[in-house]
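Values in this document were obtained by computation on a predicted structure and should not be read as measured data.
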Amino acid sequence: MPKRTINRQAAELSLKVKKELVKSAKNGGSIVEMAKKHQLDYAVVQSLLWQENALTLQGTKTIITRRLKSLSKARRQPDRDQLSWEAQENVDYLYYAAKEMQRQLDKVSKVKKSIDEILA
């Protein structure tokens, strides 16, 4: 019997687990923590998140750093343009992820304030 590939393992995850992993990534969770929680291999979780376009914040930072380091080594203008575009895409992703996290934090603060008022 052939060995299941990482992408196939990621595809075979239940819809519930997939949604939890994507939500966790968008809320700033780490792949290591997600893998431990769901007893999955790191590579399977990473593959799923790549497929779903749901990168973790740390992963996005790493991608940006690599693109910027590669930029100085790229010799051709089209290569530099591509690396620059990829870095910009990831910076935009971080911006919108941070914006969404702030919105969620505001909701939590509002609920906490309401509870504190009720208990006071």
Side-chain angles (χ1 to χ4, degrees):
M1 178 176 248
K3 185 178 175 184
R4 293 185 316 159
T5 64
I6 291 171
N7 287 337
R8 186 167 179 185
Q9 291 176 44
E12 292 174 351
L13 293 174
S14 71
L15 188 59
K16 180 182 177 188
V17 171
K18 287 180 182 179
K19 285 183 178 182
E20 286 179 21
L21 292 172
V22 168
K23 183 178 179 182
S24 181
K26 289 184 177 182
N27 289 332
S30 81
I31 295 176
V32 172
E33 292 169 3
M34 289 183 260
K36 284 181 184 177
K37 179 181 177 187
H38 294 283
Q39 298 176 344
L40 298 168
D41 288 338
Y42 179 95
V44 173
V45 175
Q46 183 183 36
S47 176
L48 172 74
L49 296 177
W50 274 97
Q51 291 170 12
E52 298 290 326
N53 273 338
L55 303 174
T56 61
L57 299 180
Q58 182 64 38
T60 304
K61 181 218 172 263
T62 302
I63 291 169
I64 293 169
T65 301
R66 287 180 183 164
R67 297 300 183 270
L68 292 175
K69 286 181 179 179
S70 298
L71 192 58
S72 65
K73 297 173 188 169
R75 297 188 187 273
R76 297 178 334 136
Q77 186 62 41
D79 295 339
R80 289 192 298 269
D81 291 343
Q82 179 66 27
L83 290 168
S84 174
W85 179 82
E86 290 173 3
Q88 182 61 49
E89 284 288 307
N90 285 290
V91 168
D92 290 346
Y93 177 83
L94 283 178
Y95 170 78
Y96 289 112
K99 195 173 178 179
E100 177 63 22
M101 289 176 72
Q102 183 61 49
R103 191 180 64 76
Q104 291 176 358
L105 183 60
D106 291 344
K107 278 185 181 178
V108 170
S109 296
K110 192 174 183 179
V111 169
K112 182 185 179 302
K113 184 178 177 182
S114 297
I115 291 172
D116 289 344
E117 289 173 1
I118 291 170
L119 295 176

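Judged by distance alone, the side chains of Gln51 and Ser47 do bring a donor and an acceptor atom under 3.5 Å apart.
Pairing each heavy atom of Ala54 with each of Lys26, the nearest pair is CB-CE, 4.1 Å. The shortest heavy-atom contact between Ser24 and Met34 is OG-CG, 3.4 Å.
Under a 3.5 Å cut-off, the side chain of Lys18 and the backbone N or O of Glu12 do not form any donor-acceptor pair. Between the side chain of Tyr93 and the backbone N or O of Leu55, at least one donor-acceptor pair lies under 3.5 Å. In this structure a side-chain-to-backbone donor-acceptor pair under 3.5 Å is present from Ser70 to Arg66.
In this structure, the separation between CG on Asp81 and CG on Leu71 is 9.0 Å, given to the nearest 0.5 Å. Once rounded to the nearest 0.5 Å, the distance linking OG of Ser84 with CG of Asp79 reads 12.0 Å. A distance of 13.5 Å separates CZ in Arg67 from CD in Gln88, rounded to the nearest 0.5 Å. A distance of 9.5 Å separates CG of Asn27 from CG of Leu57, quoted to the nearest 0.5 Å. A distance of 10.5 Å separates CD1 of Ile64 from CD of Glu89, quoted to the nearest 0.5 Å. Taking CG from Asn90 and OG1 from Thr62, the interatomic distance works out to 10.0 Å, rounded to the nearest 0.5 Å.
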request  = Take Glu33 and Lys36 through the salt bridge (charged side-chain N to carboxylate O under 4.0 Å, His left out) test and state the conclusion after the steps.
outcome  = CA-CA 5 Å; Glu33 292 169 3; Lys36 284 181 184 177; over 6 Å; no

message = Set out, in order, the CA-CA distance, both residues' side-chain angles and the distance that settles side-chain contact (heavy atoms from CB on, under 4.5 Å) for Asp41 and Ile6, then state yes or no.
response = CA-CA 9 Å; Asp41 288 338; Ile6 291 171; over 6 Å; no

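Checked for salt-bridge contact, Glu20 and Lys23 miss the test: no charged N lies under 4.0 Å from a carboxylate O. The residues Lys110 and Asp106 are annotated as not salt-bridged, no charged nitrogen and carboxylate oxygen being separated by less than 4.0 angstrom.
Using a 4.5 Å cut-off between side-chain heavy atoms of Ile, Leu, Val, Met, Phe, Trp and Tyr, with links allowed through other members, Leu94 and Trp50 fall into different hydrophobic clusters. Under a hydrophobic-cluster definition in which Ile, Leu, Val, Met, Phe, Trp and Tyr are linked whenever side-chain heavy atoms come within less than 4.5 Å, directly or via other members, Leu83 and Ile63 are assigned to different clusters. Cluster annotation: Val32 is connected to Val17 through the hydrophobic network of ILVMFWY side chains, with a link wherever side-chain heavy atoms come within less than 4.5 Å. The hydrophobic cluster containing Leu68 does not contain Trp85, counting ILVMFWY residues as joined when their side-chain heavy atoms lie under 4.5 angstrom apart, directly or transitively.
Within the 4.5 Å cutoff, side-chain heavy atoms of His38 are placed close to those of Leu21. Lys107 has its side chain out of reach of Val111: every pair of non-hydrogen atoms, C-beta onward, lies at least 4.5 Å apart. Considering only heavy atoms from C-beta on, Leu13 comes within 4.5 Å of Leu40 through its side chain.
Taking Ile, Leu, Val, Met, Phe, Trp and Tyr as hydrophobic and joining them when side-chain heavy atoms fall under 4.5 Å apart, one finds Tyr96 in a cluster with Tyr95.
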